[in-house]
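Predicted model, so just to flag it, every value in this text is computed and none were measured.
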Amino acid sequence: KLPKQPSTAKARVSKAKTVKAAKDFQPTWEQVWTTGYTKPTGTVQRGIFQMKLSEPDKARLLIVKEAIDTGEIDCGVTDRKKFNKSHALRLHTALVEQRKDAIIAEMIANIPDNYHSVQTEEMLDWLIDLLRKTDINALDTETTGLHLEKDKVVGMSITVPNADQHFYIPFLHENSNVGVQLDKQYVLGRLQQELGDRSDLITVMFNAKFDMHQLVKEGLSFTGPVYDALVGMKLLNENEPSYQLKKLANKWGKYFGYTDNSLTFEELFSKDPRDFYVNADYRLCYYYACKDTHLTWLLWTFIREQLEKHEGLKHSFYQLEVPTTQVAFTMEQN
């Protein structure tokens, strides 16, 4: 004899109670962040910190949690079930913007002693003297935009690793506190002689062809090998979620002694390059630019170490990718 089935009405009532219980249920913040919880429907929701997180995301989430706990920001939801990892990371973006002025003031107040703005003959002479004593350097450009033909170089940064000194040379900055700038053609002429014409000097860049295209228009080309850290990183891991320099440094920095949490260009300034070379405090500009080549160099040391562990990848980078970068650059120029 079949068991008596519940009536349709009873089933509807039971379902309605479950739905109401699920709607009314509110997890604690401890459950949302740490322990996770089971909903009345039986669905298990893991805590945010129980999920698989990258080290940078974990750091960002801890910052958001602390900001909510201290009342610095609102959680942004009335239903804690809707508070999830994605929402928390969006709050981090908003929090960075909210803290931006304080962050920038702190960065300017703590510019490292080995970050320099080259605006005198004496400083340029020192930089060139250091270049003469090294066989490798890191280089980057700051430009008015990303168009290879129309945009111009507003400044360039150089890191001399064996001296642990980092330089930014402004050319076309319009910032109110930039001060005197050296003549671009004069500087690039000297750098061509002391850097570009040296076949024994390795230059490390990040997204090298872009900088090479921008500089060749200004009269600076490279006789020595150019190592592109971006190409090296793609060779090591083709599945990176982002190949932005700052994000790579934040992710992998623990392996080469970098524990800061760098902000990207857009986070510090905006997507408009004029906010860099016109509107910003110039001290922030030269700090940012020096840090670019500093991070390029540090990331390269990590890449170089990994290549040494894998003979095939090492061969691919030095014997294939390095000469191909120059060939591709020449093709694009043509």
Side-chain angles (χ1 to χ4, degrees), residues 114-143 148 151-173 181-232 245 285-301 303-304 317-318 321-330 332-333:
N114 58 348
Y115 283 21
H116 313 283
S117 181
V118 180
Q119 296 178 256
T120 64
E121 291 273 358
E122 292 75 17
M123 185 66 75
L124 180 62
D125 288 341
W126 181 38
L127 166 58
I128 287 174
D129 183 57
L130 291 178
L131 285 172
R132 288 170 179 163
K133 297 173 183 176
T134 186
D135 60 359
I136 192 166
N137 76 106
L139 185 147
D140 185 46
T141 61
E142 301 296 340
T143 63
L148 293 180
D151 285 307
K152 300 177 181 179
V153 176
V154 298
M156 61 186 295
S157 48
I158 297 174
T159 280
V160 185
N162 62 346
D164 191 23
Q165 300 294 334
H166 315 274
F167 302 87
Y168 181 63
I169 314 170
F171 300 127
L172 301 178
H173 277 260
Q181 300 175 78
L182 295 173
D183 178 74
K184 182 196 289 189
Q185 295 311 312
Y186 169 73
V187 172
L188 292 177
R190 293 194 65 184
L191 288 177
Q192 180 64 53
Q193 183 180 8
E194 304 291 348
L195 187 157
D197 289 341
R198 277 184 55 186
S199 60
D200 63 327
L201 180 61
I202 298 166
T203 300
V204 180
M205 302 183 197
F206 191 86
N207 192 18
K209 289 194 284 103
F210 175 82
D211 298 300
M212 293 165 71
H213 282 306
Q214 295 290 5
L215 288 169
V216 75
K217 296 183 304 182
E218 311 282 0
L220 178 58
S221 57
F222 300 88
T223 305
V226 172
Y227 292 172
D228 191 338
L230 174 59
V231 171
L245 174 62
C285 299
Y286 94 76
Y287 166 81
Y288 175 87
C290 287
K291 192 170 187 178
D292 256 3
T293 49
H294 192 183
L295 286 181
T296 296
W297 170 252
L298 292 175
L299 182 64
W300 166 247
T301 63
I303 293 168
R304 181 180 61 191
F317 182 79
Y318 293 109
E321 298 294 353
V322 171
T324 299
T325 295
Q326 183 61 53
V327 171
F329 165 73
T330 303
E332 291 170 7
Q333 277 290 301

#### Entry: Passing option when Arg190 is tested against Ile128, Leu131, Leu195 for side chain to side chain contact (heavy atoms under 4.5 Å, CB included)
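Option passing the side chain to side chain contact (heavy atoms under 4.5 Å, CB included) with Arg190: Ile128.
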
#### Entry: Salt-bridge present (Asp151, Lys217; N to O < 4.0 Å)
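No, Asp151 and Lys217 are not salt-bridged.
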
### Query
Going from CD on Gln119 to CG on Leu124, what distance comes out if it is rounded to the nearest 0.5 angstrom?
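Answer rounded to 0.5 Å: 12.0 Å.
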
### Query
Roughly how far apart are Thr134 OG1 and Asn162 CG, rounded to 0.5 Å?
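It comes to 4.0 Å.
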
### Closest heavy-atom pair and its distance - Ala229, Ile303
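Answer, listing the atom of Ala229 first, then Ile303: O-CD1, 3.2 Å.
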
### Task
Taking all heavy atoms of Lys209 and all of Ala328, pick out the closest pair and write down the distance.
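Nearest pair, atom of Lys209 first, then Ala328: CD-CB, 3.9 Å.
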
Side-chain heavy atoms of [X] within contact of [Y], under 4.5 Å:
| X | Y | value |
| --- | --- | --- |
| Val226 | Met205 | yes |
| Ile158 | Val118 | no |
| Thr159 | Thr296 | no |
| Met156 | Leu139 | yes |
| Thr143 | Phe210 | yes |
| Phe167 | Leu130 | yes |
| Thr324 | Val231 | no |
| Val153 | Leu188 | no |

#### Entry: Under the salt bridge (Lys or Arg N to Asp or Glu O under 4.0 Å) test, residues paired with Arg198 that sit two or more places apart
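Arg198 satisfies salt bridge (Lys or Arg N to Asp or Glu O under 4.0 Å) with Asp200 once adjacent residues are dropped.
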
### Query
Who passes salt bridge (Lys or Arg N to Asp or Glu O under 4.0 Å) against Asp292, sequence neighbours left out?
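For Asp292, the residues satisfying salt bridge (Lys or Arg N to Asp or Glu O under 4.0 Å) (neighbours in sequence not counted) are Lys246.
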
### Task
State yes or no: are the ring centers of Tyr227 and Tyr318 separated by less than 6.0 Å?
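Aromatic pair counts; centres sit under 6.0 Å.
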
### Query
Do Tyr168 and His173 have side-chain N/O donor and acceptor atoms under 3.5 Å apart?
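Indeed, the side chains of Tyr168 and His173 share at least one donor-acceptor pair under 3.5 Å.
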
### Query
If we ignore angles and hydrogens, is there a donor and acceptor under 3.5 Å between the side chains of Asp140 and Thr293?
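On atom types as modelled, these side chains do not qualify, holding no pair under 3.5 Å.
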
### Query
Trp300 and Ile136: side-chain contact (heavy atoms from CB on, under 4.5 Å), yes or no, with the steps?
CA-CA 11 Å; Trp300 166 247; Ile136 192 166; 4.2 Å; yes

I'd like to know if the side chain of [X] and the backbone of [Y] have a donor-acceptor N/O pair within less than 3.5 Å.
| X | Y | value |
| --- | --- | --- |
| Ser157 | Ala289 | yes |
| Glu194 | Arg132 | no |
| Glu218 | Gln185 | no |

### Query
Testing Gln165, His294, Lys291, His166 for side-chain hydrogen bond (donor to acceptor under 3.5 Å, both in side chains) with Tyr115, which one passes?
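Answer to the side-chain hydrogen bond (donor to acceptor under 3.5 Å, both in side chains) test with Tyr115 among Gln165, His294, Lys291, His166: His294.
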
### Chi angles and distances behind the side-chain contact (heavy atoms from CB on, under 4.5 Å) call for Lys184, Leu172
CA-CA 8 Å; Lys184 182 196 289 189; Leu172 301 178; 3.7 Å; yes

